[in-house]
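Throughout, a chain's letter reflects where its sequence line sits, starting with A, and its residues are numbered from 1.
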Amino acid sequence: MIQPPTLPTNYTVKPGQIKTSTGKTIRTEEMIINMGPQHPSTHGVLRLEIVVDGEIIVDCIPHIGYLHRCFEKHCEQMTNYQQVIPYADRMDYCSAMTNEWAFALAAERLLKIEVPERVEYIRVIMAELQRIASHLIAVGTYGIDSGAFTPFLYTFIDREKILDLFEMTCGARLLYNYIWIGGLSHDLPPKFIEQTKEFVAYFRPRVKMLNDLLSYNEIFVKRTANVGVLPREVAINYAVSGPQLRGSGVNWDLRRDDPFVIDHKLDWQPQVGKGEVGTVGDCWDRHIVRMREMEQSLNMIEQALAGLPEGNVKAAIPKRIRPEKDAEIYVRTEASRGELGYYIISDGTASPFRVKARGPAFVNLSVLPEIVRGGLIADLVLTAGSIDIVLGEVDR
Amino acid sequence: MEFIQTLLANQLVVSILLSALPLVFIILMVLVVLYTEMKVAAHIQDRVAYMRTGWHGVLQPIADMLKLLQKEDIIPTKADKLLFRAAPFIAFTGTYVAYAVLPFSSIYIGSNINLGAFFLVAAGSLVVIGILMAGWASNNKWSLFGGVRSAAQMISYEIPTALAVIIAVMITGSLNLQEVTKFQDGGIGNWLVFGGPLPWMQKLMLMPFTVITFFILFVASIAEVNRTPFDLPEAESELVQGFNTEYSGMRFAMFYLSEYANLFTVSAVVVSLFLGGWSSPFGAFMSGPVWGVFWFTSKAFLFILIQIWIRWTLPRLRVDQLMYVSWKVLTPWLFVCIFAVGLILVI
Amino acid sequence: MGLLDQRFENGNVFITSLDGLLNWARLSSLWQMQFGLACCAIEMMAASASNFDIMRFGVIPRATPRQVDVMFVAGTVTIKMASRIKRLYDQMSEPRYVISMGSCANCGGPYWEHGYHVLKGVDRVIPVDVYIPGCPPRPEALLEGIMKLQEKVRKESMIRKRA
Amino acid sequence: MDLYTIILYFFAVVTLGSACIVVFSRNIVRAAFALLFAFFGVAGIYIFLLADFIAITQLLIYVGGIMVLMLFSVMLTSHQINVDAKTGTIQTLPAILIAACVGGGVIWVFWITDWKEKSDLPVIDTTAAKIGELLLTNYLLPFEIASVVLLVALVGAAMIARREKKG
Amino acid sequence: MLTEFGKALIFLIIGAIFVALGLVGAWVFRPHRPYPEKNATYECGEEPVGSAWIRLNVRFYVTALIFLIFDVEVAFLFPWALVYRQFGLMGFLEMAVFLIILIVGYAYVWVKGDLNWDKPKPQIPVFDRTIVTAGRMRSVSTILDDDDVNEGVE
Amino acid sequence: MEEVVKFLQHPGLTHYLILSGLLFSLGLFAVLTRRNAIMVLMGVELILNAANINFVAFSRYVSTSIDGHVVAIFVIILAAAEAAIMLAIVLNIYQNFNTVNVDDINQLKD
Amino acid sequence: MTAQEIFDVLKAKFGDALPEEKLSAAGGSAAAGFSLQVWITIAPGRTKEICSFLRDDSEMQFDTLSCLSGVDYNNGTFGVVYHLSSMVQKHKIVLKAFCTKEHPHIQSVSSVWGTANWHEREVFDLFGVIIDEHPDLRRILLPDDWEGNPLRKDYKVQEFYHGMKVPY
Amino acid sequence: MSSIGTYFYNIFHSLYTVVVGMRITIKHLFTRSATVQYPTVKMKIPERARNRLFVNIDDCIGCDQCAMACPVDCITIETIKSTPDMDLGMTSKNTKKRLYLPRFDIDIAKCCYCGLCVWPCPTECIVMTDVYEFAEYDRKDLIYSFSNMTEEEIAAAKVRLEQYNQEQAAKKAAAVPAKEPAPPAANPLPPSVPDIGKA
Ligand code: SF4
Ligand code: SF4
Ligand code: SF4
């Protein structure tokens with residue numbers, strides 16, 4: 001039934017660790033518990049098969065694929081590139097904007113399209129708003145994981161305001177189909193700038209409130225500090241990305257380090273976990289990185305709004321999308337959860353030959369078994385929560 | 001008529017009727033508390049909750065109960081059927097027995113045992129057994145974890161509770177809750193939390209310790225009823241629903257009822273030991289048997305409200321932190337208080 | 001819609017029949033299984049959050065299927081998940097209802113054609129009471145679906161022949 | 001037979017019945033839960049003996065403490081919850097004989113002895129206070145020794161339980 | 001006195017009767033259609049693996065043990081608390097000795113760590129440095145440390 | 001027959017004593033036959049309870065003092081201490097030998 | 001380092017493991033604004049060796065495996081594409097290893113980069129490429145008893161799975 | 001900090017943060033709730049909202065562009081060519097309609113509300129409305145049929161086309177190098193059932 005855990009050989013195991021990697025059978029005092037697919041704290045249909053000794057986790061084997069929606073197959077079956085965008089939306093449904101952006105970007109690079117500057121600015125605004133919305137879900141559900149229900153509802157109130165902005169822009173609340181290859185589906189609506197500024201002003205104190213209510217609450221700190229520590233070398237080796245990587249103390253943000261858009265022109269700072277309350281790379285660091293990133297995103301939004309040029313948002317949308325034969329591209333962007341890459345191979349027809357989506361959550365989740373060993377079940381819940389997975393993207 | 005009179009003359013019948021009163025109270029109280037909790041929680045969270053059953057949804061708890069009455073009652077094949085059936089009985093009975101010694105008013109107390117406070121401490125253990133039984137009998141890993149954890153938590157916090165009760169007993173010199181309350185009668189200044197009706201010097205010296213004791217008792221009582229931040233046994237994010245994961249329908253309703261009834265019990269203990277029970281805070285003003293019921297329940301409700309407030313604010317402790325709080329924070333502080341109070345009272 | 005409305009509708013003072021009362025209890029206290037599958041689950045969460053507040057309808061999330069009345073199948077049902085959903089549905093205590101939320105649960109939605117691993121409609125494994133279209137349905141649409149379900153429950157009889 | 005006596009017998013039956021389940025049940029967890037009822041019945045008997053404090057202590061310590069401890073132990077060692085009573089240290093039949101002989105002998109002695117009961121003894125209303133006084137006066141030494149016993153039990157049991165698995 | 005306990009007994013019985021009544025009442029209304037899948041054990045939608053009657057952590061025993069000892073102590077404290085004032089300082093001291101002896105045990109278990117629940121013993125994954133060249137480590141730390149610009153710590 | 005009924009109708013010391021005797025023999029039986037160490041312990045607890053009933057009964061019916069109560073309390077305490085230690089030993093043995101059978105333990109003794 | 005330099009280094013060190021003589025580029029035109037990708041073809045049986053060199057060499061320091069994708073080229077060839085990047089040196093490279101449909105075996109690199117573990121399982125799952133020396137080669141997304149490898153171009157979906165109709 | 005100091009610091013710090021949190025929540029107890037009480041109050045839907053599709057069938061020229069654009073293939077259009085002697089009227093955009101639409105079904109249960117079908121429509125007759133409340137008890141009720149042709153009309157149109165085709169064929173046979181019938185529309189007619197998939 002249970003598979004041996006997979007410790008890559010180049011990781012040393014601390015002395016005193018129970019050796020389950022050798023035998024297939026568990027010891028008599030251990031037991032296997034299924035957490036999920038229906039479990040309140042697996043954030044969707046993740047199934048964690050955990051081996052526990054008492055309450056201490058000996059091993060954890062994630063089982064994914066309960067939401068495998070055949071994204072890559074669909075990409076190949078579409079009649080044109082544009083039709084992929086709705087599916088890209090549905091991949092990471094908490095952060096649809098960044099997903100469609102990444103795909104649009106990849107297609108644009110494949111087609112060598114240059115988009116107007118206004119489009120880039122709007123895309124940044126949208127992506128950062130989306131990042132806030134996505135982090136709000138992460139923070140809110142993390143509150144539930146830690147037993148506090150109220151922050152979840154507060155974050156959703158704030159998120160609803162962002163969704164209103166999105167809805168007035170493109171008509172949808174969750175899955176936007178807004179960023180098209182070479183442009184946008186709509187220009188900004190008239191009152192958008194005003195309302196966004198309002199939102200930014202409204203949201204800053206809310207971040208502080210959330211911090212007071214949750215992040216700096218002593219119980220919360222005690223629960224998350226020193227839990228699920230992911231050292232930076234391991235994080236890099238596992239290609240972990242996004243807030244999780246930065247939470248491990250690696251100052252790496254694709255928006256700055258592999259600039260794919262105008263983000264690097266704006267004034268902002270990637271936020272890094274410093275181990276203020278525990279070890280660098282623990283759950284609290286990941287959480288607080290998200291909280292602080294939201295503030296940074298607000299800065300970016302403000303600047304992008306200020307610098308928004310005029311122009312046509314549909315100028316570069318190609319009539320027919322037909323890249324050259326055998327062209328291929330891998331484009332990586334910094335989505336809400338980390339490095340979102342699209343690898344597209346074209347065969348010269350109007351539909352992609354192969355699309356591989358490299359979802360950040362998929363990769364981030366793969367490190368989970370490494371960091372939960374030795375913790376309690378409660379720690380597992382918090383560690384899994386701090387990774388902020390979206391199953392749509394893990395399973396695609 | 002005559003029949004009723006003869007019936008009322010029979011002491012047994014009367015005491016049975018009197019003993020059934022708290023049951024009515026429990027049911028009403030649970031309905032009210034359920035409603036209040038959801039409403040308060042909702043408003044804390046900028047929501048409204050229950051709006052569609054009657055005026056502002058006041059009938060919602062009734063609907064819930066009626067619905068639970070209609071739910072199928074599932075006994076899993078693998079469960080230990082006998083124990084599975086017995087568990088709700090034990091849990092609820094244990095809860096209800098505790099009501100026997102709560103002094104609702106100066107004239108009503110279910111059973112005026114001389115050892116009331118002691119009895120309360122002991123009765124709590126029945127609930128522990130019921131929960132343990134439920135967790136075991138379900139033959140479900142989550143239930144077992146929940147049940148055992150619940151039991152471990154309740155017994156861990158029973159010690160602080162008992163020690164705090166002892167401090168109250170030391171000051172009042174009686175285990176009879178009715179007498180403990182009478183001892184504190186006569187206004188807010190006489191409440192034990194402020195040192196009781198003792199000479200000024202003693203009172204001032206006692207005050208810090210009684211306040212600490214009171215506070216600890218309050219914390220322990222939250223933990224005893226498994227509420228946030230101590231709600232690990234039912235921690236939804238880890239253990240699904242804890243020990244009642246496999247229970248459905250009316251059997252579950254009994255646990256639900258007993259949980260909320262316990263909520264009142266622990267608040268009532270705090271109130272009658274430290275906040276003057278049924279006695280009015282204004283001395284003779286607004287006091288009397290009927291007012292007594294009012295004061296007693298409203299004080300207890302105040303506590304329930306505070307518990308609700310705490311519940312919807314805080315995250316949950318982890319199990320080791322839970323034990324830490326009980327054994328390494330509350331208990332030692334209470335030892336200190338016992339020594340201090342003991343010394344102050346004899347010199 | 002609740003008790004009080006009925007009073008005005010029927011013109012009599014209180015509930016006329018036990019059946020009505022019991023139906024009323026069932027329809028106003030629909031406990032929900034805490035369980036979401038995909039994008040629609042986010043909208044379901046939004047529906048339970050402050051702005052829409054599903055609890056106004058008496059919907060309380062419970063984690064275990066034993067104590068719930070209604071299961072919102074919110075999201076894409078994959079074939080790997082279908083057997084689990086069936087099992088969870090089986091383990092719910094009767095009377096139980098299912099609301100299929102979103103295109104995916106209705107019929108496979110955007111994945112109906114090429115989704116080799118997507119179950120084309122949850123009604124292939126469990127009976128569905130109300131279908132809510134949308135991708136994702138707005139939270140209000142979910143609320144409307146609940147009201148539709150309530151209508152359905154209202155018409156039921158206590159001794160039902162179901163499943 | 002008045003109500004009083006009926007209730008007494010009720011408790012007696014509860015006690016003995018549960019004890020029988022404890023002795024004859026093949027499921028150790030059920031045996032443990034039956035023990036709970038036995039203790040409970042004994043507590044009832046104590047009340048009839050006007051020993052209210054002892055009764056509640058019984059509830060507190062046996063039901064609340066020892067039972068929980070035992071249940072935990074059972075659950076800790078529980079990969080076999082069925083325990084066979086057949087092949088014990090002593091075979092069943094000799095055991096029955098021994099138990100019956102000893103028990104019967106004791107009961108016979110109880111039966112034939114004239115105990116000079118004084119049924120009109122004054123009812124002591126405040127046993128708890130009396131016990132407290134006795135503890136602080138006559139039984140001071142045992143009282144203090146009890147604390148030592150408890151200390152030893154605590155330290156010893158904790159130590160034994162803590163000892164790691166051999167090898 | 002007996003009658004007071006009698007009343008407590010009545011409470012007990014009424015409690016049990018209430019539960020029974022509730023169950024009987026539910027039996028009138030509720031459907032009852034069991035089938036094997038329905039009665040299967042719930043485990044988050046998966047098929048349960050192994051029996052749930054597993055062995056628990058020895059911690060639970062230790063907790064119960066400490067509880068038991070203190071429970072006993074509480075049983076002593078109650079009668080004492082009732083009367084000790086009659087004995088003045090002596091009464092207090094006698095109990096103080098009793099308590100202190102027990103507190104010694106308490107301190108013992110505290111120091112020995114028996115009061116600690118199973119603390120999580122997180123096993124932080126360690127990257128094996130031996131197969132990584134020294135240059136790598138240095139350069140990793142440079143990208144880690146060069147940005148100490150984030151002063152946003154509150 | 002009548003005598004029996006009469007006897008039953010007027011509970012007195014003897015009744016309690018007989019009850020305790022029965023309890024005692026049940027406990028003894030459990031101690032003798034059970035192989036599971038915890039079950040043996042349960043038998044011991046029954047015996048102790050039987051003894052306690054005696055103490056309290058004598059104190060009720062024979063003397064005016066309540067010394068019997070105090071003794072009973074001490075017995076309860078001893079029972080608690082004994083249970084604690086014994087269960088600890090059982091657990092320890094279980095951890096080492098993976099059995100709680102008294103006989104097996106006997107054989108396992110080095 | 002540019003791709004050419006990396007290629008040269010590799011050529012010097014693992015000459016026999018690089019089937020192609022030169023750097024390959026997509027679609028012929030690698031220039032023009034955005035660099036479409038160039039890649040190095042490596043032998044499917046030597047990936048681990050080459051990758052650990054790329055990771056550990058102080059000049060290369062490819063500490064991250066950004067992406068690992070399987071491709072069915074629809075001509076009897078499968079490929080696995082490795083997108084490497086270095087956080088330290090800030091350069092990127094693409095490696096490709098090809099295998100045939102008849103003998104779909106590629107060596108695992110999960111001992112070099114932890115992240116490769118799941119990616120390789122996915123390749124195994126969706127393409128049926130057997131990853132040699134993988135510590136835990138199971139299907140990852142699809143159920144264990146699923147038939148076929150869906151991302152193969154010739155994939156036909158099965159009609160029923162455990163009694164559930166699969167196609168619409 | 002010494003361990004004793006930490007002990008006390010922890011206790012008081014915990015209490016302090018608990019109080020901070022409780023202050024926040026009690027403030028919220030008295031603020032206005034954010035809830036929109038749905039059935040009585042409805043949220044404002046922005047004009048761009050993308051909810052249920054609506055087809056103004058009178059304007060539709062049956063060009064099948066929408067079905068082509070749909071990634072989900074949930075639009076099914078069947079057309080019957082009209083004969084030149086029939087006048088199907090004009091759309092509101094002054095395009096001449098040349099096709100009968102016996103079938104214009106949108107399986108609203110499959111639709112993913114992406115709005116891609118709206119853009120290419122030459123007559124802007126397929127639009128997304130702000131109707132979002134259309135839950136049904138039966139899945140079949142979610143297939144929306146927009147065609148307004150009755151069975152008889154469809155049959156008649158088919159017959160007419162058949163006749164026309166026969167006539168044309170007859171004409172063709174009579175005069176071999178005769179003129180082709182006029183091309184039906186500016187847009188080349190795609191197959192009536194869209195065939196999406198790779199060539
Ligand atoms: S219906 Fe749409 S929103 Fe809902 S799960 Fe399916 S794809 Fe996601
Ligand atoms: S909205 Fe999208 S899915 Fe729906 S019919 Fe139009 S194109 Fe198709
Ligand atoms: S694109 Fe417009 S006109 Fe053409 S078929 Fe669709 S709805 Fe009709």
Side-chain angles (χ1 to χ4, degrees), chain D residues 1 5 8 12 15-16 19-20 22-23 28 31 35 38 42 45-46 49-51 54 57 61 65-66 69-70 73-74 76-77 83 85 88-90 92 95 98-100 102-103 106-107 110-111 115 117-118 121 124 127 130-131 134-135 139 142 146 149-150 153 156-157 160-161 163 165-166, chain F residues 8-9 11-14 16-19 21-30 32-36 38-39 41-43 45-46 49 52-53 56-57 59-62 64 66-67 69-70 72-74 76-81 83-85 87-92 94-96 100 102-103:
Chain D
M1 262 214 250
T5 324
L8 173 62
T15 312
L16 289 177
C20 284
V22 173
V23 175
I28 186 164
L35 192 63
V42 173
I45 304 278
Y46 286 150
L49 291 170
L50 301 187
I54 306 292
T57 311
I61 293 178
I66 297 182
L69 191 70
M70 242 176 220
S73 312
V74 168
L76 272 161
T77 57
V83 281
T89 321
I90 308 170
T92 317
I98 294 175
V102 177
V106 169
I107 292 171
F110 287 155
W111 179 254
W115 291 105
E117 311 177 22
K118 306 180 200 131
L121 281 173
I124 303 159
T127 48
K130 280 269 159 51
I131 290 172
L134 280 179
L135 281 180
Y139 291 88
V149 170
L150 288 176
I160 298 169
R163 217 186 291 150
K165 198 175 176 147
K166 246 193 266 170
Chain F
L8 283 177
Q9 271 174 352
L13 179 58
T14 323
Y16 294 104
L17 293 182
I18 289 174
L19 175 70
L22 286 174
L23 209 54
F24 172 78
S25 43
L26 280 172
L28 185 66
F29 181 74
L32 288 179
T33 54
R34 289 303 188 153
R35 301 178 69 206
N36 187 316
I38 298 177
M39 295 295 268
L41 186 65
M42 290 183 191
E45 296 295 344
L46 284 182
N49 262 297
N52 255 354
I53 292 180
V56 178
S59 158
R60 161 83 173 85
Y61 284 103
V62 178
T64 44
I66 56 166
D67 296 47
H69 293 199
V70 181
I73 284 189
F74 282 119
I76 292 180
I77 280 156
L78 280 179
I85 295 278
L87 286 173
I89 293 172
V90 169
L91 282 185
N92 198 300
Y94 181 70
Q95 281 189 342
N96 283 325
V100 282
V102 192
D103 310 354

[X] side, atom [atom1]; [Y] side, atom [atom2] - distance, nearest 0.5 Å:
| X | Y | atom1 | atom2 | result |
| --- | --- | --- | --- | --- |
| Leu16(D) | Ile18(F) | CG | CD1 | 11.0 Å |
| Leu87(F) | Met70(D) | CG | CE | 5.5 Å |
| Asn49(F) | Thr15(D) | CG | OG1 | 9.0 Å |
| Thr57(D) | Ile73(F) | OG1 | CD1 | 4.5 Å |
| Ile45(D) | Ile53(F) | CD1 | CD1 | 5.5 Å |

For this session: Considering non-hydrogen atoms only, spot the tightest contact between Ala84(F) and Leu69(D) and give its length.
Result: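 For Ala84(F) and Leu69(D), the tightest heavy-atom pair comes out as CA-CD2, 3.8 Å.
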
Problem set entry | Shortest non-hydrogen separation from His69(F) to Ile54(D) and the atoms involved |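 In terms of heavy atoms, the two residues are closest at O-CD1, 3.2 Å.
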
Seminar exercise, completed: Okay, Leu150(D) and chain F: the region with an atom under 4.5 Å from a heavy atom over there is side chain

Problem set entry | Which atoms of Ala19(D) approach chain F - backbone, side chain, both or neither, heavy atom under 4.5 Å |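 Looking at Ala19(D), backbone and side chain both touch chain F.
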
For this session: Check whether any side-chain heavy atom of Ser73(D) sits under 4.5 Å from a side-chain heavy atom of Val90(F), and report yes or no.
Result: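 No. Closest side-chain heavy atoms not under 4.5 Å.
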
Exercise. Heavy-atom distance under 4.5 Å between the side chains of Leu46(F) and Leu35(D), does that happen here?
Worked result: yes

Problem set entry | Pick from Leu41(F), Leu22(F), Ile77(F) with the largest number of heavy-atom pairs that fall under 4.5 Å of chain D |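 Top option by heavy-atom pairs under 4.5 Å: Leu22(F).
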
Problem set entry | Top contributor to chain F interface from Ala146(D), Gly65(D), Ala153(D) [non-hydrogen pairs under 4.5 Å] | Ala153(D)

Exercise. Out of Gly156(D), Ala12(D), Pro142(D), which one racks up the most heavy-atom pairs below 4.5 Å with chain F?
Worked result: Pro142(D)

